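Residue numbers begin at 1 in each chain, while the letters A, B, ... track the order of the sequences. What you see is a predicted model; the values in this text were computed from it and never measured.
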There are 2 protein chains.
Amino acid sequence: MQKNKKRQIKKSRQILLDNNIPITKPRMLVLGILLKNEGPLKVEDIIKLSRGKLAVSSMYRIINNLKNLNLINEFQTLENTKMIELADVKDEHHHHIFCESCGAVYDFEVDSHIEKELEKEIIKIKSKYDIIVKSHSLELLGLCKTCRDK
Amino acid sequence: MQKNKKRQIKKSRQILLDNNIPITKPRMLVLGILLKNEGPLKVEDIIKLSRGKLAVSSMYRIINNLKNLNLINEFQTLENTKMIELADVKDEHHHHIFCESCGAVYDFEVDSHIEKELEKEIIKIKSKYDIIVKSHSLELLGLCKTCRDK
DNA sequence: TATTATTTGAGAATGATTCTCATTCCTGAA
DNA sequence: TTCAGGAATGAGAATCATTCTCAAATAATA
């Protein structure tokens, strides 16, 4: 998977260039970790995966950086654990499933016609509450396969 | 509104009786605050509204109590502020709107046909991911009227 | 390569939440 | 109504995640 790694480095670099942020080792490291591990990660996971190559304070700073540039999404699990994931570059809209037993988090997408229905409904809600809606997310709570089988 | 208050006390008491929890002053106080102030409250708000009649540690304990009994819902705002609200006894399903500027949180409901569509979609997701889904929630993010007008 | 502003690392500081344990308070039995 | 025993509470210490501070290291740029 050497090739894959090179692609990740290239991509990380490109993300930073595109956003006019200096390319530094810590930033490349965090982006690399997020690119390599698809789907949401705990802060704790990122710290582990960086294997001491990154100060905890720097990691928080970098995460906040990337969040402000909308390059990553942040959300909370049921147990209030903060989860971090790269914002979907392709802009596919996805939602989250939380397992209330083991705390696992999965992304999912809904049928495009449901997305459209949701968007129509959101337009109604906008006018009803007289607000601007910038984004939406459907969150499911339940039991994953593994926990259900226990 | 004396009458209203009595109704609240009665209701708080009933909630505790129904759930076989001893009726204590601190629990009545927390329930009273949640019943009186419809919609989500910050932990901080509950502390203020209890005006020193309740130890902070007790308040957290009581909130966790009620949460474990599914009597209250807990969720996070954008700024990661924990919000507490009484679970809807009538079991009307509601969702949340977050204002990303001032942090306000509002509840809303969607048309029943959308709820039905969502439920159908969730059944599909259940089988696709082979999970048990216990609840769902739609979260909107945007700007409230006041912040928009600024 | 030298300059300068920016970023980083390390640990202190903060803030929210949980824990501990002595005291107080409910509840159910007499 | 009183009492005993178990459960809940208050106060503050302890913990945990996150942010802050500032001297040292690093990146962009000329």
Side-chain angles (χ1 to χ4, degrees), chain A residues 9-10 12-33 40-69 71-84 103 105, chain B residues 9 12-34 40-69 71-84 103 105:
Chain A
I9 293 175
K10 216 171 153 187
S12 302
R13 184 177 292 274
Q14 197 55 49
I15 290 174
L16 296 175
L17 284 174
D18 290 347
N19 288 279
N20 283 316
I21 319 171
I23 294 164
T24 63
K25 271 183 216 160
R27 283 202 262 246
M28 290 290 283
L29 181 55
V30 171
L31 278 174
I33 289 170
L41 289 178
K42 291 180 211 168
V43 169
E44 189 192 327
D45 296 335
I46 301 178
I47 292 171
K48 271 185 202 149
L49 291 165
S50 71
R51 299 212 206 108
K53 286 181 206 147
L54 179 63
V56 173
S57 55
S58 304
M59 194 223 40
Y60 277 105
R61 207 168 15 215
I62 290 170
I63 286 177
N64 284 335
N65 259 194
L66 301 175
K67 187 175 60 176
N68 290 335
L69 292 161
L71 294 176
I72 62 179
N73 297 323
E74 208 186 272
F75 60 91
Q76 310 271 137
T77 66
L78 278 184
E79 298 87 16
N80 296 338
T81 310
K82 189 189 270 191
M83 303 295 289
I84 310 288
V105 184
Chain B
I9 292 174
S12 301
R13 184 177 292 274
Q14 195 56 48
I15 291 175
L16 295 175
L17 284 174
D18 289 348
N19 288 278
N20 282 316
I21 319 170
I23 293 165
T24 64
K25 272 184 216 159
R27 282 203 262 247
M28 290 291 283
L29 181 56
V30 171
L31 278 174
I33 288 171
L34 290 171
L41 289 179
K42 291 181 211 166
V43 169
E44 190 191 327
D45 296 333
I46 300 178
I47 291 171
K48 269 185 203 149
L49 291 166
S50 71
R51 299 213 204 109
K53 285 182 207 148
L54 180 63
V56 173
S57 55
S58 303
M59 195 224 36
Y60 277 105
R61 213 172 4 219
I62 289 169
I63 286 177
N64 285 336
N65 256 194
L66 300 176
K67 186 174 61 174
N68 289 335
L69 293 161
L71 294 175
I72 61 178
N73 298 323
E74 205 186 275
F75 60 91
Q76 310 272 138
T77 68
L78 278 185
E79 297 88 15
N80 296 336
T81 310
K82 188 188 271 190
M83 303 297 289
I84 311 290
V105 185

Response to the item:
Contact span of DNA chain D against chain B, any nucleotide atom under 4.0 Å from a heavy atom, 5' to 3', runs D:dA8 to D:dG12
Practice prompt. Just report the end-to-end axis angle for the helix from C:dT1-D:dA30 to C:dA30-D:dT1, five pairs per end, to 10 degrees.
Written response: 40°
Between [N] atom [atom2] and [X] atom [atom1], what is the distance in whole Å?
| X | N | atom1 | atom2 | result |
| --- | --- | --- | --- | --- |
| B:Leu29 | C:dC26 | CG | C1' | 17 Å |
| B:Glu44 | C:dA16 | CD | C1' | 11 Å |
| B:Met28 | C:dC26 | CE | C1' | 13 Å |
| A:Tyr60 | C:dT14 | OH | C1' | 14 Å |
| A:Asn20 | C:dT6 | CG | P | 14 Å |
| B:Lys25 | C:dT24 | NZ | P | 13 Å |
| A:Ile63 | C:dT7 | CD1 | P | 17 Å |
| B:Asn68 | C:dT18 | CG | C1' | 14 Å |

For [X], report the nucleic acid contact type (base, sugar-phosphate, nothing); a contact means any heavy atom under 4.0 Å.
| X | result |
| --- | --- |
| B:Lys42 | nothing |
| A:Arg61 | base |
| B:Thr24 | sugar-phosphate |

Practice prompt. Report the residue (A:Ile62 or A:Val56) whose heavy-atom-nearest nucleotide on DNA chain C is the more 5′ of the two.
Written response: A:Ile62
Response to the item:
Judged by nearest nucleotide, the residue sitting upstream toward the 5' end of DNA chain C, B:Lys82 or B:Ile21, is B:Lys82
Practice prompt. List the steps, then state whether side-chain contact (heavy atoms from CB on, under 4.5 Å) holds for A:Ile21 with A:Leu69.
Written response: CA-CA 10 Å; A:Ile21 319 171; A:Leu69 292 161; 3.1 Å; yes
Discussion item. Quick one, B:Leu34 with B:Ile46, criterion side-chain contact (heavy atoms from CB on, under 4.5 Å). Give me CA distance, side-chain angles, the key distance, then yes/no.
Written reply: CA-CA 8 Å; B:Leu34 290 171; B:Ile46 300 178; 4.2 Å; yes
Item to complete: Show the numbers, then the answer: is there a side-chain contact (heavy atoms from CB on, under 4.5 Å) between B:Met28 and B:Leu16?
Response: CA-CA 8 Å; B:Met28 290 291 283; B:Leu16 295 175; 3.8 Å; yes
Worksheet item: Yes or no on side-chain contact (heavy atoms from CB on, under 4.5 Å) for A:Thr81 and A:Glu44, after CA distance, side-chain angles and deciding distance?
Response: CA-CA 10 Å; A:Thr81 310; A:Glu44 189 192 327; 5.7 Å; no
Is there a side-chain contact between [X] and [Y] (heavy atoms, below 4.5 Å)?
| X | Y | result |
| --- | --- | --- |
| B:Lys42 | B:Met83 | yes |
| B:Leu31 | B:Ile62 | no |
| A:Leu49 | A:Leu41 | yes |

Worksheet item: So among B:Asn64, B:Val43, B:Ile84, B:Ile33, which one has a side chain to side chain contact (heavy atoms under 4.5 Å, CB included) with B:Met59?
Response: B:Val43
Item to complete: Return the minimal non-hydrogen interatomic distance between B:Arg27 and B:Pro22, and the atom names on each side.
Response: NE-O, 3.2 Å
